[in-house]
Amino acid sequence: MIVEYIRYRIPQGRSDEFEAAYGRASGSLRESPNCLGFELARCHENSDHYVLRIDWDSLDGHLKEFRGSDVFRGFLAEVGPYVEHIEEMRHYTPTAVGGTGGGQPQPPSLHDWAGGADAFERLFTRFYETVIDDDLLAPLFAHMDAGHPHHVALWLGEVFGGPALYTAHRGGYENMLAHHLDRAITEQQRRRWVSLLVDAADEVGLPGDPEFRAAFMGYLEWGTRIAVQNSRPGATPMPHAPVPRWGWGVAPPWQPPDTSQAGDTGQAGDGP
């Protein structure tokens, strides 16, 4: 990725038409497959100064492909009248320094939302009670170690953003992989495993909100399908990898709106 910055100094009285022109020109950026994102910002201290940031897939993607495309002609038709007001136009390569600041709200981990380690212990204790009585799954767990429910609880807790206890005490991904090699898990067994675990989640009171269950089911589908692949005789899965970390995906947890500021309309600062 390459980042283009353009600094403008727009004459007094032309700011509205300048922003409107870029509002129209933004359609060309949205249409370009080489444009990854963009933002036009106005200086707070000097209102005639603007900075435009455009993220491009590559330098050639901007200078050759975009500028040689039909969409560029539409873009230039809108912003061309303001080229003479450009003070600087350069391309930058992002460095490894970056991140999210402490003031940016972050959703709780799936581990914490579920109720922490105790919730996963309850889940897998109940789940394996049903597994040993299930005709389809019992053969897979005929020689299950008494600590197995606890170990799987550690795994899912770590996957869902909790402490890395499975990695620290059970050997991480490599150990979990070893439990599936050459087991020849069938699709019917996979589906039954998922179904019984979902039933157990209901029984032990894991959160039932749509957002959590969407993330929960997403991991179960993803993880069990990989387990089936890895269990096939002769399979050669990746031998080393970190324990996966699963998040909320496209649906973070719903939170009720903050009504503590409902009476603050911002009118206190209004005036001539």
Side-chain angles (χ1 to χ4, degrees), residues 36 99-100 104-131 134 136-137 140-141 148-168 170-181 183-232 235 237-256:
L36 307 179
T100 301
Q104 180 68 32
Q106 296 293 320
S109 67
L110 293 171
H111 170 273
D112 292 347
W113 189 267
D118 289 345
F120 295 109
E121 292 287 346
R122 295 196 311 272
L123 172 65
F124 285 103
T125 296
R126 177 56 189 149
F127 170 67
Y128 283 107
E129 289 173 351
T130 64
V131 163
D134 185 84
L136 195 56
L137 294 181
L140 286 176
F141 298 94
H148 187 70
H150 171 64
H151 301 155
V152 181
L154 292 181
W155 168 270
L156 192 63
E158 182 173 338
V159 169
F160 277 10
L165 298 179
Y166 192 90
T167 294
R170 298 297 304 167
Y173 164 87
E174 291 78 8
N175 185 58
M176 179 60 74
L177 175 63
H179 284 290
H180 296 95
L181 293 177
R183 299 299 299 276
I185 301 170
T186 68
E187 174 60 17
Q188 291 74 23
Q189 289 171 323
R190 184 197 74 80
R191 291 192 178 206
R192 182 68 60 82
W193 196 96
V194 171
S195 178
L196 291 182
L197 189 60
V198 172
D199 289 343
D202 292 338
E203 292 182 35
V204 302
L206 256 62
D209 57 280
E211 294 80 9
F212 175 79
R213 287 305 178 100
F216 183 68
M217 290 301 299
Y219 174 72
L220 296 188
E221 283 291 322
W222 180 81
T224 58
R225 289 175 185 274
I226 289 179
V228 168
Q229 293 174 2
N230 292 344
S231 76
R232 292 170 180 162
M238 184 184 303
H240 303 289
V243 171
R245 288 285 180 156
W246 207 257
W248 291 94
V250 298
W254 182 85
Q255 300 279 10

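Heavy-atom basis, side chains included; hydrogens, waters and symmetry copies ignored. Residues: numbered from 1 along the sequence shown.
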Walk me through it: do Trp193 and Phe127 pass the test ring-ring contact (aromatic ring centres under 6.0 Å, His included)? CA-CA 9 Å; Trp193 196 96; Phe127 170 67; 5.1 Å; yes

What do the steps show when you test Trp155 against Arg170 for side-chain contact (heavy atoms from CB on, under 4.5 Å), and what is the final call? CA-CA 9 Å; Trp155 168 270; Arg170 298 297 304 167; over 6 Å; no

Applying side-chain contact (heavy atoms from CB on, under 4.5 Å), run through Arg192 and Val131 and close with a yes or a no. CA-CA 9 Å; Arg192 182 68 60 82; Val131 163; over 6 Å; no

Run the numbers on His148 and Phe141 for side-chain contact (heavy atoms from CB on, under 4.5 Å), then give the verdict. CA-CA 10 Å; His148 187 70; Phe141 298 94; 4.0 Å; yes

CA sep, side-chain torsions, deciding dist, call: Arg191, Thr224, side-chain contact (heavy atoms from CB on, under 4.5 Å): CA-CA 8 Å; Arg191 291 192 178 206; Thr224 58; over 6 Å; no

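Using cut-offs of 30° and 60° for the angle between ring planes, the Trp222 and Trp246 rings count as tilted.
From Arg245, atom CZ reaches atom NE2 of His111 across 9.5 Å, with rounding to the nearest 0.5 Å. Considering NE2 of His151 and CE of Met176, their distance stands at 10.0 Å, rounded to 0.5 Å. One finds the CG atom of Leu123 at 12.5 Å from the CG atom of Asp118 (value rounded to the nearest 0.5 Å). Here the NE2 atom belonging to His179 is positioned 13.5 Å from the CG atom belonging to Asn230, to the nearest 0.5 angstrom. Note that the CG atom of Leu156 and the CG atom of Leu197 stand 7.5 Å from one another [nearest 0.5 Å]. Atom NE2 in His240 sits 9.5 Å away from atom CG in Leu177 (nearest 0.5 Å).
Residues Ala215 and Gly247 share a closest heavy-atom pair of CB-O, 3.8 Å. Residue Glu174 comes nearest to Gly171 through the heavy atom pair OE1-O, 3.4 Å, listed as atom of the first residue, atom of the second, then distance. The heavy-atom pair separating Ile185 from His180 by the smallest distance is CD1-CD2, 4.0 Å. Summarising the geometry of Gln189 relative to Leu137, their closest heavy-atom pair is O-CD2, 3.4 Å, with the distance given to 0.1 Å. Closest approach of Ala119 and Ala114 over heavy atoms only: CB-O, 3.3 Å.
Shown here are the ring pair (Phe, Tyr, Trp, His ring centres under 6.0 Å) partners of Phe124, two or more places apart in sequence or in another chain: there are none. Residues forming a ring pair (Phe, Tyr, Trp, His ring centres under 6.0 Å) with Phe216 (at least two apart in sequence, or on another chain): Phe212.
Taking a 6.0 Å sphere around CZ of Arg225, one finds it holds more than 12 heavy atoms contributed by other residues, nucleotides or ligands.
If you check the side chains of Glu158 and Thr167, you find a donor sitting under 3.5 Å from an acceptor.
With Ser231 contributing its side chain and Val228 its backbone, the two residues share a donor-acceptor pair below 3.5 Å.
Residues Val152 and Tyr128 form a side-chain contact, since some pair of their non-hydrogen atoms from C-beta on lies under 4.5 Å apart. Between Val159 and Tyr166 there is no side-chain heavy-atom pair separated by less than 4.5 Å. Looking at Leu181 and Pro237, their side chains come closer than 4.5 Å, going by heavy atoms from C-beta outward.
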